[in-house]
Chemist: 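One structure, as structure tokens, below. Some questions next.
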Amino acid sequence: MHTSHPRLPGELTFMALVVLFSAFMLWASYSISQFTSITSPGVFPMLCAAAMLVTGLMSLVKTARARLVLDDGEGWVQQLVRKLFPLQLVLFTGLIVAYMLLLEVLGFLVASYLFLVISMPVLGSRRIGLNFLVSLVTLAVIFVVFRTAFSVVLPAGSLVGPYLPELLK
């Protein structure tokens, strides 16, 4: 049984990009050995890329035939942004970027603890006390495992590192 689905904003563009990528991969795999024989190194990548291109074209045609459905009062750009970039995703992505930037300055322990404590409410946890405790226990376990089992030196941080006890460096 075949059921059609309404086309979402941006879906047609995405499918066109999939087809372009598949065509590029077919060309790139062809350039490996120019299909000199059935056992040449580029045959399997070419078959995979060709299958990807054919199924991508089939999906592109199906998507192009589907009817674009928009929520009331929203244009396709507004709906695309709302569906692709929900607030929770944007906030969590910002937290990851901030964590990466603060890791060198604050060190692994402080930056990771702040990241865990702040990210839990962003992801939906409302139990603040439990968030602090879970973050602390999780970080302690990670620290002990990486320091003792794997002998990994975790970054101490340029701002916090000089003040940490030797055990935590």
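Keep in mind it's a predicted model, so treat the numbers as computed, not measured. Along the sequence shown, residues are numbered consecutively beginning with 1.
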Chemist: How long is the straight-line distance from CE of M15 back to CE of M58, given to the nearest 0.5 Å?
Modeler: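 Interatomic distance, M58 CE to M15 CE, rounded to 0.5 Å: 10.5 Å.
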Chemist: Remaining members of I32's ILVMFWY cluster at a side-chain heavy-atom cut-off under 4.5 Å?
Modeler: none
Chemist: For S31 and A28, work out which heavy atoms get closest and say how close.
Modeler: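 Answer, listing the atom of S31 first, then A28: OG-O, 2.6 Å.
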Chemist: Are V122 and L139 connected in a single hydrophobic cluster, I mean Ile/Leu/Val/Met/Phe/Trp/Tyr linked by side-chain heavy atoms less than 4.5 Å apart?
Modeler: yes
Chemist: Mind listing the closest non-hydrogen atom pair of S125 and N131 along with its distance?
Modeler: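 Closest heavy-atom pair between S125 and N131: OG-OD1, 2.7 Å.
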Chemist: Just how far is it from atom CG of L87 to atom CZ of R82, taken to the nearest 0.5 Å?
Modeler: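 It comes to 13.0 Å.
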Chemist: Are V105 and V160 grouped together when hydrophobic residues (ILVMFWY) are joined by side-chain heavy atoms under 4.5 angstrom apart?
Modeler: yes
Chemist: So, taking the atom named CZ in F143 and the one named CG in L154, what distance separates them when rounded to the nearest 0.5 Å?
Modeler: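 F143 CZ to L154 CG: 6.5 Å, rounded to 0.5 Å.
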Chemist: With a 3.5 Å distance limit and no angle check, can you tell me whether S59 reaches the backbone of G56 through a side-chain donor-acceptor pair?
Modeler: no
Chemist: Applying side-chain hydrogen bond (donor to acceptor under 3.5 Å, both in side chains), can you list everything that pairs with S40, at least two apart in sequence or on another chain?
Modeler: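 Per chain and number, S40 pairs via side-chain hydrogen bond (donor to acceptor under 3.5 Å, both in side chains) with S33.
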Chemist: Using the side chain to side chain contact (heavy atoms under 4.5 Å, CB included) definition, which of the options V137, L116, V117 pairs with F132?
Modeler: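 It is V117, the one option of V137, L116, V117 that forms the side chain to side chain contact (heavy atoms under 4.5 Å, CB included) with F132.
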Chemist: If I take atom OG1 from residue T63 and atom CG from residue L68, how far apart are they, to the nearest 0.5 angstrom?
Modeler: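 Rounded to the nearest 0.5 Å, the OG1-CG separation comes to 11.5 Å.
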Chemist: Going from CG on L20 to CG on L53, what distance comes out if it is rounded to the nearest 0.5 angstrom?
Modeler: 9.5 Å
Chemist: Taking C-beta and beyond as the side chain, do L60 and V18 meet within less than 4.5 Å on heavy atoms?
Modeler: no
Chemist: Step by step, work out the side-chain contact (heavy atoms from CB on, under 4.5 Å) result for S158 and E104.
Modeler: CA-CA 7 Å; S158 59; E104 189 175 326; 5.5 Å; no
Chemist: Using distance alone, with no hydrogens and no angle criterion, decide if Y99 and S112 have a side-chain donor and acceptor under 3.5 Å apart.
Modeler: yes
Chemist: Please say yes or no: joined through hydrophobic side-chain contacts below 4.5 Å, possibly via intermediate residues, are F115 and L159 part of one cluster?
Modeler: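 Yes, one cluster joins them.
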Chemist: Which atom names give the shortest non-hydrogen contact between L26 and A50, and what distance separates them?
Modeler: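 In terms of heavy atoms, the two residues are closest at CD1-N, 3.9 Å.
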Chemist: What pairs with T138 under side-chain hydrogen bond (donor to acceptor under 3.5 Å, both in side chains), at least two apart in sequence or on another chain?
Modeler: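 side-chain hydrogen bond (donor to acceptor under 3.5 Å, both in side chains) list for T138, sorted by chain: empty.
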Chemist: Quick check: is V144 connected to L109 through a chain of hydrophobic side chains (ILVMFWY, heavy atoms under 4.5 Å apart)?
Modeler: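 No, because L109 and V144 fall into different hydrophobic clusters, even though each may have its own neighbours under 4.5 Å.
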Chemist: Quick check: closest heavy atoms across P121 and R126, and the distance to 0.1 Å?
Modeler: O-NH1, 3.2 Å
Chemist: Among residues at least two apart in sequence or on other chains, which ones pass side-chain hydrogen bond (donor to acceptor under 3.5 Å, both in side chains) with T148?
Modeler: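 Result, side-chain hydrogen bond (donor to acceptor under 3.5 Å, both in side chains) vs T148: none returned.
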Chemist: Can V61 be reached from V19 by stepping across I, L, V, M, F, W or Y side chains whose heavy atoms are under 4.5 Å apart?
Modeler: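 No; tracing contacts between hydrophobic side chains, which count when under 4.5 Å, never links both residues.
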Chemist: Which heavy-atom pair separates L80 from P9 by the least distance, and what is that distance?
Modeler: CD1-O, 3.2 Å
Chemist: Roughly how far apart are L47 CG and I38 CD1, rounded to 0.5 Å?
Modeler: 7.0 Å
Chemist: Output all residues satisfying side-chain hydrogen bond (donor to acceptor under 3.5 Å, both in side chains) with Y113, sequence neighbours left out; order by chain, then residue number.
Modeler: none
Chemist: Would you check, one step at a time, whether the test side-chain contact (heavy atoms from CB on, under 4.5 Å) holds for I142 with F108?
Modeler: CA-CA 11 Å; I142 290 171; F108 176 77; 3.8 Å; yes
Chemist: What closest approach, in Å, do T39 and V43 show between heavy atoms, and which atom pair accounts for it?
Modeler: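 Here T39 and V43 meet closest at N-CG2, 4.4 Å.
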Chemist: Residues sharing F21's hydrophobic cluster, by side-chain heavy-atom contacts under 4.5 Å among ILVMFWY, directly or via others?
Modeler: F24, M25, W27, M52
Chemist: Would a distance-only check, ignoring hydrogens and angles, find a side-chain to backbone donor-acceptor pair under 3.5 Å from R7 to V69?
Modeler: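 A pair under 3.5 Å: no.
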